[in-house]
Visitor: 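Sharing a structure with you now.
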There are 2 protein chains.
Amino acid sequence: MRKRATAREVADAAGVSKWTVIRAFTPGASIAEESKRKVLEAAAALNYTPNLLARSLATNSTHQVAVFVDDFANPQKLPFLETLTERLQAEGLVAVLININTHFDHVHALLHADQRQVDAVILFGTAFRSETLSDLQFGRGTPPMFVLARDSQIEGVPAVTCDAELALREIVDHLFERGYRRPGFMTGATVLSTALRRRQHFVEFWRKKGVDDVAVFSAEKYSAEAGADAVRGYLKQTNPADRVDVLMCENDILALGAMDEIRGRFGLRVPEDMAVVGFDNYELCGSSAYSLTTYEQPRDEMVEVIVGIITGRLEPETVTLPGTLVVRNST
Amino acid sequence: MRKRATAREVADAAGVSKWTVIRAFTPGASIAEESKRKVLEAAAALNYTPNLLARSLATNSTHQVAVFVDDFANPQKLPFLETLTERLQAEGLVAVLININTHFDHVHALLHADQRQVDAVILFGTAFRSETLSDLQFGRGTPPMFVLARDSQIEGVPAVTCDAELALREIVDHLFERGYRRPGFMTGATVLSTALRRRQHFVEFWRKKGVDDVAVFSAEKYSAEAGADAVRGYLKQTNPADRVDVLMCENDILALGAMDEIRGRFGLRVPEDMAVVGFDNYELCGSSAYSLTTYEQPRDEMVEVIVGIITGRLEPETVTLPGTLVVRNST
DNA sequence: ATTTCTGTTGCTACCGGGTGCAAACGGGTG
DNA sequence: CACCCGTTTGCACCCGGTAGCAACAGAAAT
C-alpha cells in the first residue's frame with residue numbers, strides 16, 4: 001500500500017511550490033483562483049489531504065481532548081459520552097477516551113495526555129485524590145484540566161456540575177411532603193462521597209426538617225450488584241421496626257440494584273414498605289418495572305458549558321447547573 | 001505558563017548533544033551508563049518527557065486507534081468500551097472515540113481518522129453501508145479497518161464477532177424444548193438486520209424445526225422506548241389468539257423495553273402469556289425485575305482478538321467466537 | 001516613464017523529535 | 001607504538017506541515 005501523498009508531491013504535480021499547496025488548503029489564505037483550482041485538482045488526483053499530525057506539531061494544538069473515565073458500571077456515562085463527543089466534534093475537537101484503572105491511574109494518564117499534547121483534559125466523574133493531582137497541575141505546560149459531573153476541590157481546576165444542594169433540597173422536600181421520616185442514604189465508594197456532596201446535603205436538609213437520624217451505609221462500588229449487596233447487608237442487620245422508610249441512593253444504578261433486592265429477596269413493597277430514590281434518571285428508571293423517582297442532571301447544558309470553556313467561548317470557572325426532580329412511583 | 005522542555009534544552013543542561021538525550025529515552029539504544037544518568041537527571045530537573053506528537057510524526061505511528069460508535073442507547077457498549085480501552089492501553093495504544101451521527105458520518109470520520117494518522121480504525125457495531133466504505137478502503141494509505149461486534153461484508157475488512165449461527169441455534173433449540181411454537185422476532189433498524197444476521201438465523205433454525213411462520217417486525221431505533229413502541233404496535237394490531245408465544249429481540253435493550261410494555265401496559269405475564277428473549281446479557285437483565293433470558297457475547301475474548309490483530313500478534317482475519325446462552329425466567 | 005500599491009508566490013527557518021552513518025574514543029593485542 | 005575493534009557520540013537529513021518575510025508581477029497612481 002502506498003503512503004499518503006504530501007504537499008510536496010501535490011506541488012510537483014500542479015507545478016507550484018508546496019507553500020501554494022498549503023495555501024489552497026488554508027481558508028482565507030492569499031492565493032489566486034487559478035492556482036487554487038490547479039492545486040485542488042492535483043490534490044484530488046493524488047488523494048491528498050493535509051496531515052493533521054504535522055499540522056498539530058507546527059501549530060502547537062492537536063484539537064484533541066482527553067476524557068478520563070473510571071466508572072464504566074454507570075450506564076449514565078453513555079449518554080453523557082454521546083453528547084460530549086458530539087459537541088466536541090461539532091467544534092472540530094475529538095475525544096481521546098482514557099480508562100482510569102489500577103493499571104493506569106490519574107498520574108499516569110495525565111502524564112500521557114500531556115505527552116500527547118492534548119488541548120485539554122476532562123476528568124469525567126473520576127475518583128481522584130485532590131492531593132495527587134494538585135502537584136501535577138503546577139508542573140510546566142500541563143494541559144488545562146476540567147472536572148465534569150463531580151466537584152473539583154482543586155484550586156484552579158474548574159468543575160461543571162449539577163447543583164447538588166438544590167437537588168437534595170428538592171428531593172428532601174418531596175420526601176418530607178410525602179410523609180417519610182426515617183431516611184437512609186446509600187453511598188457508593190466512600191472515598192468519593194464528599195466529591196459528590198449528595199450525602200452531605202441529604203443529611204443537612206433532613207436536619208433542617210428536624211430529622212437528625214439518617215442511616216448511612218455504603219456499597220463497595222457503583223454497580224447494581226454492589227447496591228443489592230449493600231442493601232441486603234443493611235436489611236439483614238437491622239430490626240424490621242427500625243428500618244428506614246425511604247432509601248436514597250447515590251446514583252440510579254445503585255438504586256435499581258437495591259430496589260431489586262428489596263422486592264425480590266426480601267419481598268418488601270416499594271414504596272409502601274420502603275421507598276427508593278436514585279440520581280441521574282437513567283433510561284430504565286422510567287420503565288414500569290422500576291418507576292424510580294430520581295433526579296435528572298442537565299446533561300446537555302453541562303456539556304455545552306464544558307465545551308464552551310474548552311473552546312474559550314466561556315470563562316474557565318466552576319459552573320453549577322440546576323437539574324430536575326423526576327417523581328415516579330417509587331416514592 | 002512556560003512551555004514544555006525539549007530534548008535540546010535537556011541536552012544543553014546535561015552537556016551532551018540532543019541525540020544523546022533521545023537515546024536516553026529510547027529503550028535499547030547504545031548509550032553509556034554515565035551519560036544516561038546525567039541525561040535523566042537533567043530531564044527530571046527540567047520535567048522533560050518526549051513529545052509524542054513529534055515522535056509520531058517521525059516514526060509514522062501514533063499509537064492511536066479510532067473507535068467508531070453510533071449506538072449510544074445500548075448500555076452494553078459501556079462494558080465493551082471499558083474492556084477495549086483497558087486492553088488497548090495495556091498495549092500502549094489509546095482509543096479516540098468517534099461519534100458517528102448524521103452530522104459526522106462514516107466517510108467524514110474515516111477521512112478524519114486518516115488525517116490524524118491513527119494506526120487502526122475499529123467500527124464498533126456501527127451501521128454502515130458496505131458500498132460507501134469499500135470505495136474508501138482502497139484509497140491510498142488508509143489505516144487498516146476492523147469491525148467489532150458486527151459482520152463486515154466488506155472484502156479485506158476483517159470482523160470479530162460473536163458466532164450468530166451458533167447463538168441462534170442454541171436459542172431456538174432452547175425455545176423449542178420449552179414448547180414454544182409461535183415465535184416472533186423484533187429487529188432494530190432494518191438496515192442493519194442483515195449485518196447482525198440474528199433474524200436470518202432465527203428464521204432459518206425455526207424452519208429446520210418445521211416452524212415456517214415467524215412474525216417479524218422492527219423497532220425504529222435500538223432503545224427501550226423504541227422496543228416498547230414496536231411491541232405495542234404489534235400487540236395492538238394482532239388478534240390475541242394469533243400472538244406469538246415467544247418474542248426474541250435483537251438486543252437486550254429492545255427486549256427490556258418490550259417486556260416492560262407487555263407486562264405494564266398490556267397486563268400480560270412473562271413468560272406465561274408471552275416469553276421474551278434478548279441478546280447481550282446486559283447487567284440489569286439478571287435483575288429479578290426482569291430476569292431476561294439472553295445470550296452473552298464473549299466480550300473479553302472478542303476484545304483480546306481485535307487488539308491482538310491490531311498489534312500484529314494475530315493474523316488480520318475474520319474471527320467468530322462462541323458465546324453463552326443465559327437462561328432465566330423470561331422463557 | 002517612474003513610483004507605489006496590492007495580490008501572489010517562493011523561501012528560510014522552525015515545530016520536536018528519529019534514522020543511519022561516520023567519526024571519536026578507549027582498551028586490548030601484537 | 002601501531003593497529004584493531006567495539007562502544008559511544010555527533011551530525012546531516014528527514015517526518016509534513018506552518019509562520020512571516022522578501023521578491024515579484026501587474027495595475028494604478030504620479
Side-chain angles (χ1 to χ4, degrees), chain A residues 2-40 42-43 46-64 112 114-119 140-141 143, chain B residues 2-40 42-43 46-64 112 114-119 140-141 143:
Chain A
R2 288 171 305 174
K3 284 189 53 192
R4 295 169 49 89
T6 71
R8 172 85 233 167
E9 289 167 34
V10 175
D12 291 347
V16 296
S17 70
K18 77 164 185 173
W19 296 276
T20 304
V21 174
I22 303 284
R23 285 192 182 95
F25 284 89
T26 310
S30 156
I31 183 174
E33 271 311 313
E34 170 67 9
S35 328
K36 186 162 183 175
R37 192 187 51 69
K38 274 197 304 188
V39 169
L40 292 183
L46 293 171
N47 217 332
Y48 167 82
T49 46
N51 181 329
L52 293 187
L53 208 53
R55 177 179 291 175
S56 295
L57 181 61
T59 58
N60 201 27
S61 104
T62 54
H63 296 276
Q64 293 200 142
H112 184 88
D114 188 22
Q115 290 194 62
R116 289 245 183 226
Q117 317 288 103
V118 299
D119 289 352
R140 53 153 64 188
Chain B
R2 285 173 308 174
K3 283 189 56 191
R4 296 168 49 88
T6 70
R8 172 86 232 167
E9 289 167 33
V10 176
D12 291 347
V16 295
S17 69
K18 76 164 189 173
W19 297 277
T20 305
V21 174
I22 305 279
R23 285 192 183 94
F25 284 89
T26 310
S30 156
I31 183 173
E33 270 311 312
E34 169 68 9
S35 325
K36 186 163 184 175
R37 194 188 48 70
K38 275 197 304 187
V39 169
L40 292 183
L46 292 171
N47 216 332
Y48 167 82
T49 46
N51 181 328
L52 293 187
L53 208 53
R55 176 179 290 177
S56 295
L57 181 61
T59 60
N60 200 27
S61 105
T62 53
H63 296 276
Q64 293 199 141
H112 184 87
D114 186 24
Q115 291 193 63
R116 288 241 184 232
Q117 318 289 102
V118 299
D119 289 353
R140 51 154 63 192

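Throughout, protein chains are lettered first and strands after them, A, B, ... in sequence-line order, and every chain is numbered starting at 1.
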Visitor: Remember a base hit wins even if backbone is also touched, and classify A:Ser56 as base, sugar-phosphate or nothing at under 4.0 Å, heavy atoms.
Guide: nothing
Visitor: Could you check which of C:dT9, D:dG17, D:dG10 has an atom nearest any side-chain atom of A:Tyr48?
Guide: D:dG17
Visitor: Tell me the interatomic distance from B:Lys18, atom NZ, to C:dT19, atom C1', rounded to whole angstroms.
Guide: 11 Å
Visitor: Check the distance between D:dT7's P and B:Glu34's CD and give it to me in whole angstrom.
Guide: 18 Å
Visitor: Any carboxylate oxygen within less than 4.0 angstrom of a Lys/Arg side-chain nitrogen, looking at B:Arg37 and B:Glu34?
Guide: yes
Visitor: Counting heavy atoms from C-beta on, name the nucleotide in C:dT9, C:dC15, D:dG10 closest to the side chain of A:Ala58.
Guide: C:dC15
Visitor: In whole Å, I'd like the distance from the CG atom of A:Asn51 to the P atom of D:dG16.
Guide: 7 Å
Visitor: Nearest to the side chain of B:Trp19, heavy atoms from C-beta on, is which of C:dG17, D:dT18, C:dG18?
Guide: C:dG18
Visitor: Are any of A:Arg55's side-chain N or O atoms less than 4.0 Å away from OP1 or OP2 of D:dT18?
Guide: yes
Visitor: Whole angstroms only, please: what is the CZ-P distance between A:Arg116 and C:dG16?
Guide: 18 Å
Visitor: Pick the closest DNA chain C nucleotide for B:Thr49 and for A:Gly15 by heavy atoms, then say which residue is nearer the 5' end.
Guide: A:Gly15
Visitor: In terms of side-chain heavy atoms of B:Ile22, which of C:dT9, C:dG17, D:dG16 is nearest?
Guide: C:dG17
Visitor: Please determine whether a side-chain nitrogen or oxygen atom of A:Thr59 lies at a distance below 4.0 Å from atom OP1 or OP2 of D:dG17.
Guide: no
Visitor: With side chain to side chain contact (heavy atoms under 4.5 Å, CB included) as the criterion, how do B:Ser17 and B:Thr20 come out once you've worked through the C-alpha distance, each side chain's angles and the decisive distance to 0.1 Å?
Guide: CA-CA 5 Å; B:Ser17 69; B:Thr20 305; 3.3 Å; yes
Visitor: State whether B:Thr20 places a side-chain N or O below 4.0 Å from either non-bridging phosphate oxygen (OP1 or OP2) of D:dG10.
Guide: yes
Visitor: Within the 4.5 Å heavy-atom criterion, are A:Thr6 and A:Asn51 side-chain neighbours or not?
Guide: no
Visitor: Hey, are the side chains of B:Pro143 and B:Asp119 touching, using non-hydrogen atoms and a 4.5 Å cut-off?
Guide: no
Visitor: Between C:dG18, D:dT8, C:dT9, which one does the side chain of A:Ile31 approach most closely?
Guide: C:dT9
Visitor: Grab the CD-P distance between B:Gln117 and D:dC15 for me, whole Å please.
Guide: 13 Å
Visitor: Starting the side chain at C-beta, find the nucleotide from D:dG17, D:dG20, D:dG10 nearest to A:Ala7.
Guide: D:dG17
Visitor: Hydrogens and angles aside, do A:Thr62 and B:Arg116 bring a side-chain donor and acceptor to less than 3.5 Å of each other?
Guide: no
Visitor: Go through the side-chain N and O atoms of B:Gln117 and A:Arg4 and say whether any donor and acceptor fall under 3.5 Å apart.
Guide: yes
Visitor: Within the pair A:Thr6 and D:dG17, is there a side-chain N or O less than 4.0 Å away from OP1 or OP2?
Guide: no
Visitor: Using whole Å, report how far CG of B:Leu57 lies from C1' of C:dC15.
Guide: 9 Å
Visitor: For B:Leu52 and C:dG18, what is the distance between atoms CG and P respectively, to the nearest whole Å?
Guide: 9 Å
Visitor: Is the base of C:dG18 touched by the side chain of B:Arg23 through a donor-acceptor pair closer than 3.5 angstrom?
Guide: no
Visitor: Measure from CZ on A:Arg8 to C1' on D:dG17 and round the result to the nearest Å.
Guide: 13 Å
